[in-house]
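Let me begin by presenting the structure, written as structure tokens, before commenting on it.
In what follows, chains carry the letters A, B, and so on, assigned in the order in which the sequence lines appear, proteins first and then strands, with residues in each chain numbered from 1. Given the structure is predicted, the values throughout are model-derived calculations rather than measurements. Because only heavy atoms are used, hydrogens play no part in the values below, and waters and symmetry mates are left out as well, while side chains stay in.
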Protein chains: 2
Amino acid sequence: MKISHPANLLRQRGMRPTRQRVAIARLLFDGVDRHVTAESLAEQIKDLGIKLSLATVYNTLHQFTDVGLLKKVRGLSDATWFDTNVNSHHHFFDTESGALTDIPAEAITISTLPKTPPGKVVEGVDVIVRVSGR
Amino acid sequence: MKISHPANLLRQRGMRPTRQRVAIARLLFDGVDRHVTAESLAEQIKDLGIKLSLATVYNTLHQFTDVGLLKKVRGLSDATWFDTNVNSHHHFFDTESGALTDIPAEAITISTLPKTPPGKVVEGVDVIVRVSGR
DNA sequence: ATAGCTGCAAATGCTTTGCAAGGCC
DNA sequence: GGCCTTGCAAAGCATTTGCAGCTAT
């Protein structure tokens, strides 16, 4: 998602365009798909000379997720990743570095799916391809 | 995996059959596939009137995983699940209850896989079908 | 005997929360 | 001004670790 005016984007989604949220939005939504953790994002922000607390980073990431600007992804490590690619797609998970990489939805075809438990509805399918090695 | 003599199983895998490990092995490997968290397992053990510390439960689960008796699985919740089905298979993840259910490997067919990043080897593919609803 | 375990409690890492002070409309 | 936000620090979880005491071999 590439946006020209973060403040408007935020207003459209019903959030006040505060200094902190605009800074984060500007950093995340520049047209390139990004994976960030709260920690990594906080660091990038700090490097830009912007000050904001880690708690605010967490809050903001969750709010962005709630309004559909981000997608939450968990690898197998402890940290939660937030992905700016909110479309359906999958991931490589490097078991050595903990790094996540996108796999476009088209690159994986699932030809058979099991029947869903009674009364349940499928919300989505996540495929994680674990890789390792140099 | 169904075992008759936990102590021998443990010895085969190079662990001392201590009271705690035997108790856990007996509970887990009764032939039924189980998903447990450290917490849930500790509780079951306590209900049996056996006393052991949570730290030991964690240690034991990891040791069992290291020797191939268990498989580590992460849903999207915080907790780590340990699965007694160590064969390749997938999972339903109930986003409301956090419950995990096995999907036999044959029930899902992936017909296309993306090319692996250079120098990387695929260790495995995990499919998580997110479900919700009553 | 001795190397390997266990238990406890303290430490850790990630994340959330409470609440006073501050900022947007 | 009023209500939403932020910042900090403290609290919360799940998990790990340090170390003295115990135990299987």
Side-chain angles (χ1 to χ4, degrees), chain A residues 5-25 27 35-46 49-67 69-70 72-82 97-98 100, chain B residues 5-27 35-46 48-67 69-70 72-82 98-100:
Chain A
H5 197 157
N8 284 345
L9 174 73
L10 296 177
R11 261 186 285 262
Q12 279 167 28
R13 310 277 174 147
M15 313 183 174
R16 287 190 186 168
T18 63
R19 182 172 51 78
Q20 295 80 335
R21 302 216 265 231
V22 169
I24 292 178
L27 206 155
H35 294 103
V36 296
T37 61
E39 209 80 45
S40 77
L41 181 57
E43 199 166 326
Q44 292 174 54
I45 297 261
K46 195 186 304 170
I50 299 166
K51 294 190 55 171
L52 76 187
S53 79
L54 187 55
T56 298
V57 173
Y58 274 103
N59 290 336
T60 304
L61 287 172
H62 284 137
Q63 290 153 2
F64 282 9
T65 302
D66 289 343
V67 299
L69 289 173
L70 292 175
K72 227 174 184 169
V73 184
R74 303 211 63 160
L76 296 159
S77 61
D78 285 333
T80 300
W81 293 80
F82 293 85
S97 67
L100 272 187
Chain B
H5 198 158
N8 284 343
L9 174 71
L10 296 176
R11 262 187 284 262
Q12 279 166 28
R13 309 278 173 147
M15 311 182 176
R16 287 190 186 170
T18 64
R19 184 172 50 78
Q20 296 78 337
R21 304 216 266 230
V22 170
I24 292 178
R26 188 134 46 199
L27 207 156
H35 294 104
V36 297
T37 62
E39 207 81 45
S40 77
L41 181 58
E43 199 167 326
Q44 292 175 53
I45 296 262
K46 196 187 302 171
L48 291 179
I50 299 166
K51 296 190 55 173
L52 76 186
S53 80
L54 188 53
T56 298
V57 173
Y58 274 103
N59 290 336
T60 304
L61 287 173
H62 284 138
Q63 290 154 2
F64 282 10
T65 302
D66 289 343
V67 299
L69 289 172
L70 293 174
K72 226 174 184 168
V73 184
R74 306 212 60 163
L76 295 159
S77 61
D78 285 332
T80 301
W81 293 80
F82 293 85
L100 272 188

Which pair of non-hydrogen atoms, one from A:A38 and one from A:V57, has the smallest distance, and what is that distance?
-> O-CG1, 3.6 Å
For [X] and [N], give me the distance from atom [atom1] to atom [atom2], rounded to whole Å.
X: B:L52; N: C:dC8; atom1: CG; atom2: P; value: 10 Å
X: A:R21; N: D:dG7; atom1: CZ; atom2: C1'; value: 14 Å
X: B:I24; N: C:dG7; atom1: CD1; atom2: C1'; value: 13 Å
X: B:M15; N: D:dT25; atom1: CE; atom2: P; value: 14 Å
X: B:K46; N: C:dG7; atom1: NZ; atom2: P; value: 13 Å
X: A:D66; N: D:dC4; atom1: CG; atom2: P; value: 16 Å

P gap between D:dT15 and D:dA11, integer Å = 23 Å
Give, for atom [atom1] of [X] and atom [atom2] of [Y], the distance between the pair rounded to the nearest 0.5 Å.
X: A:R13; Y: A:D66; atom1: CZ; atom2: CG; value: 12.0 Å
X: B:I45; Y: B:L27; atom1: CD1; atom2: CG; value: 5.0 Å
X: A:F64; Y: A:I24; atom1: CZ; atom2: CD1; value: 6.0 Å

Are any of A:Q63's side-chain N or O atoms less than 4.0 Å away from OP1 or OP2 of D:dC4?
-> no
Side-chain N or O of B:T56 closer than 4.0 Å to phosphate OP1/OP2 of C:dT6 | no
Side chain proximity check, B:K72 to B:F82, heavy atoms < 4.5 angstrom | yes
Can you find a pair of side-chain heavy atoms, one from A:R74 and one from B:D78, that are under 4.5 Å apart?
-> yes
Hey, is the main chain of A:R16 close enough, under 3.5 Å, to the side chain of A:R21 for a donor-acceptor pair?
-> yes
Short question: side chain of B:T60, backbone of B:T56 - any donor-acceptor pair under 3.5 Å?
-> yes
Do any N or O atoms of the protein come closer than 3.5 Å to N or O atoms of nucleotides 19-23 of chain C, and which pairs are they?
from, atom 1, to, atom 2, distance (Å)
C:dG23, N2, A:R16, NH1, 2.8

Ring pair (Phe, Tyr, Trp, His ring centres under 6.0 Å) filter on B:Y58, not counting sequence neighbours, yields none
Nucleotides 11-16 of chain D: which of its N/O atoms have a protein N/O under 3.5 Å away?
from, atom 1, to, atom 2, distance (Å)
D:dT15, OP1, B:T80, N, 2.8
D:dT15, OP1, B:T80, OG1, 2.9
D:dT15, OP2, B:Y58, OH, 2.6
D:dT15, O5', B:Y58, OH, 3.2
D:dT16, OP2, B:H62, ND1, 3.3

